[in-house]
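Here is the structure we will look at, set down as structure tokens.
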Amino acid sequence: MTAALAPALSGGVSGAAALEPMVRTVLEALAEGAARRGGPIPAGTPQELFARVARALTEPDGDDDALRRLTALVAAGSADPADPACAAHLHCPPLAVAVAADLAISALNPSQDSWDQAPATTALETLVLGDLAELVGYPSTAAGVLTSGGTESNLMGLMLARDRVLGRATGRRIERSGLPAGPPQARIFSSAAAHFSVRRAAALLGLGEDAVVTIPVDHELRMRPEALEKALRECVRRGELPMAVVATAGTTDTGAIDPLNACATLAAEHGAWTHVDAAYGGGALLSDRLAPLLTGLERADSVSLDWHKLGWQPAAAGVFLVRQAETYASLARRAAYLNPADDEDAGYSSLLGLSLRTTRRPDAFKIAVTLAALGRDGLGRLVDTCHDLARAGAAAVCAHPRLELHADPVLTAFLFRYLPADPALADRVNAGLRRRLLREGRAVVGRTELPGEGPGRVRLKLTLLNPHATATEVERLVHLVAAAGEAEEAAL
């Protein structure tokens, strides 16, 4: 594949002029691709889409412009979270102002691992994180970093828990000497509805996935505090070490919020670290209506937030925060070519010791621009709008004779299912109707399974993150799902 574009640079005095015609080309190609797609996702099978992309990559450019052609290709072949019928995942339509801010950062290309690569954005990230820590309710002793998302943030929280709690119990520097060969065995407690990244983190940290103790949930998929208390007591009785309690504020499937105060109290009673995965639910902090749901978040030792979910930022915009900066000690690193001690003593501060990554984009910039442009109140109105949409969608499900709602929405997502005449076909029909809608390019609906064993657990999911959608459009999507269910049932 050849490129017809001149190798201009995006920086320097002439960088903006070089970018200007290319940005126009991209904008035109995005519109062209969206018109070609004509819906929330391209129609056809995965194999057909793969073949189209493969052909496009091998076509000679000729007089065609590679940037225009391939941008239009990707736009035509993408799921569009700005379409009201695209409502499967925590995949938001980013705000235009945030995307524009991201373009500025891409052009300048700072890296947050040393002051001399990112003078202004080093200061900006520190200040933005201070504002976000205050929003959580943390004291001025808090610290944090921008991450790639909840998975990285959860890993960091459990890594610091390992180093702090297991280190204290064994008298070892775990980050240096590694895990002890003998007891005590560390245990992590999280709900049956917690994100899979908790188990992945346990594996990466050398604890093993078996170190994660799964706590039962109630009907609305919230951790049951009495079950957590029992599990912690049994852990101590067996001579094991309660290392961390991971509470979820906004489960991926339903937006359920664990009892944060109870989790923090039980963790503290057993000397365990409290980490709250608020990657989804943290957006409730922006809303006066929903913020009370997160009471107790400020007690957590560490918190994960994702502003590329209920914050309308282009990915990635994850945030990891700790209540006490001193708990970051095991992550501190010194590299002579990045953060020599004498530079730092002279005021040239580095963020290297706050992140698992070295080269790192200043993703705080787009958050800062968005907050400056809309403020908490403006973003809070978007959160409330999406919450209203979820409630309207749930009401439409309840009103339909062939649909069943699992539970009222807490945030902006809810689970439901189509009810075929033969209940034994429920899982098969619900899984099939979702693929039917994808194949036809008509809707993107989520699919999950309730905790437990056996058939009858498959559920469909709507995640409403488009504040420009209307209640009528959401109701139309619900009816589209029901019609697909009828078609799928008839085809069996």
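- Cys86 pairs by the side chain to side chain contact (heavy atoms under 4.5 Å, CB included) definition with Pro40, Ala79, Asp83, Val444, not counting sequence neighbours.
- Of all the heavy atoms in Phe416 and Lys461, the pair that sits closest is CE2-N, 4.3 Å.
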### Query
How far apart are the C-alpha atoms of Arg24 and Glu20, what are their side-chain angles, what is the distance that settles it, and do they pass the salt bridge (Lys or Arg N to Asp or Glu O under 4.0 Å) test?
CA-CA 6 Å; Arg24 285 199 302 270; Glu20 186 175 4; 3.6 Å; yes
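- At a cut-off of 3.5 Å, with distance as the only test, no side-chain donor of Ser148 or Arg360 sits close to an acceptor on the other residue.
- By the neighbour-count criterion of 12 heavy atoms within 6.0 Å, atom CD of Gln324 is densely surrounded, having more than that number from other residues, nucleotides or ligands.
- Within the 4.5 Å cutoff, no side-chain heavy atoms of Pro84 are placed close to those of Arg476.
- Enclosure of atom CZ in Arg357 by more than 12 non-hydrogen atoms of other residues, nucleotides or ligands within 6.0 angstrom is indicated.
- Summarising the geometry of Ser304 relative to Ser153, their closest heavy-atom pair is OG-CB, 3.1 Å, with the distance given to 0.1 Å.
- Leu379 pairs in a side chain to side chain contact (heavy atoms under 4.5 Å, CB included) with only one of the listed residues (Asp377, Val383, Leu382), which is Leu382.
- Listed by first then second residue, pairs satisfying salt bridge (Lys or Arg N to Asp or Glu O under 4.0 Å) with a partner in residues 313-333 read Arg164-Glu326, Asp301-Arg323, not counting sequence neighbours.
- Scored by the ring-ring contact (aromatic ring centres under 6.0 Å, His included) test, Phe365 finds no partners at all (sequence neighbours excluded).
- In this structure, Glu298 contributes its side chain and Gly296 its backbone to a donor-acceptor pair below 3.5 Å.
- With a 4.5 Å cut-off on side-chain heavy atoms, Thr448 and Thr252 do not count as touching.
- One N or O on the side chain of Asn466 and one on the backbone of Ala82 form a donor-acceptor pair closer than 3.5 Å.
- Put simply, CG on Leu294 and CG on Leu285 are 5.0 Å apart, with the number rounded to the nearest 0.5 Å.
- Other residues, nucleotides and ligands contribute at most 12 non-hydrogen atoms within 6.0 Å of the CZ atom of Arg381.
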### Task
Check the pair Thr385, His468 against side chain to side chain donor-acceptor pair (under 3.5 Å), reporting the backbone distance first and the verdict last.
CA-CA 9 Å; Thr385 297; His468 288 182; over 6 Å; no
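- The side-chain heavy atoms of Leu354 and Leu331, taken from C-beta on, include no pair separated by under 4.5 Å.
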### Query
Is there a salt bridge (Lys or Arg N to Asp or Glu O under 4.0 Å) between Glu32 and Arg36 once you walk through the steps?
CA-CA 6 Å; Glu32 175 190 332; Arg36 194 189 309 168; 2.9 Å; yes
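- Scanning all heavy atoms of the two residues, the minimum distance from Pro362 to Thr121 falls at CB-CB, 3.6 Å.
- Using a 4.5 Å heavy-atom threshold, the side chains of Val319 and Trp307 count as touching.
- No side-chain donor-acceptor contact under 3.5 Å links Gln112 and Ser355.
- Of all heavy-atom pairs spanning Thr295 and Leu260, the tightest one is O-CB, 3.7 Å.
- In this structure, the side chains of Ile367 and Leu146 come closer than 4.5 Å at one or more pairs of heavy atoms.
- Considering only heavy atoms from C-beta on, Phe196 stays 4.5 Å or farther from Glu209 through its side chain.
- Between Leu405 and Leu403 the shortest side-chain heavy-atom distance does not fall below 4.5 Å.
- Scanning both residues, Ser302 and Trp273, for their nearest heavy atoms gives OG-NE1, 2.8 Å.
- Side-chain contact check for Thr412 and Tyr280: at least one donor-acceptor pair (N or O, by modelled atom type) lies under 3.5 Å.
- Annotation: side chain of Asn154 is in contact with side chain of His275 (closest heavy-atom distance under 4.5 Å).
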### Task
List the steps, then state whether side chain to side chain donor-acceptor pair (under 3.5 Å) holds for Arg222 with Thr251.
CA-CA 9 Å; Arg222 297 171 300 194; Thr251 57; over 6 Å; no
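- With 3.5 Å as the limit, one finds a donor-acceptor pair spanning the side chains of Asp306 and His308.
- Between Leu464 and Cys386, the shortest heavy-atom distance links the atoms O-CB, 3.3 Å.
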### Task
Any chance you could lay out the salt bridge (Lys or Arg N to Asp or Glu O under 4.0 Å) test for Arg376 and Asp288, step after step, and finish with the verdict?
CA-CA 10 Å; Arg376 176 183 177 271; Asp288 290 340; 2.9 Å; yes
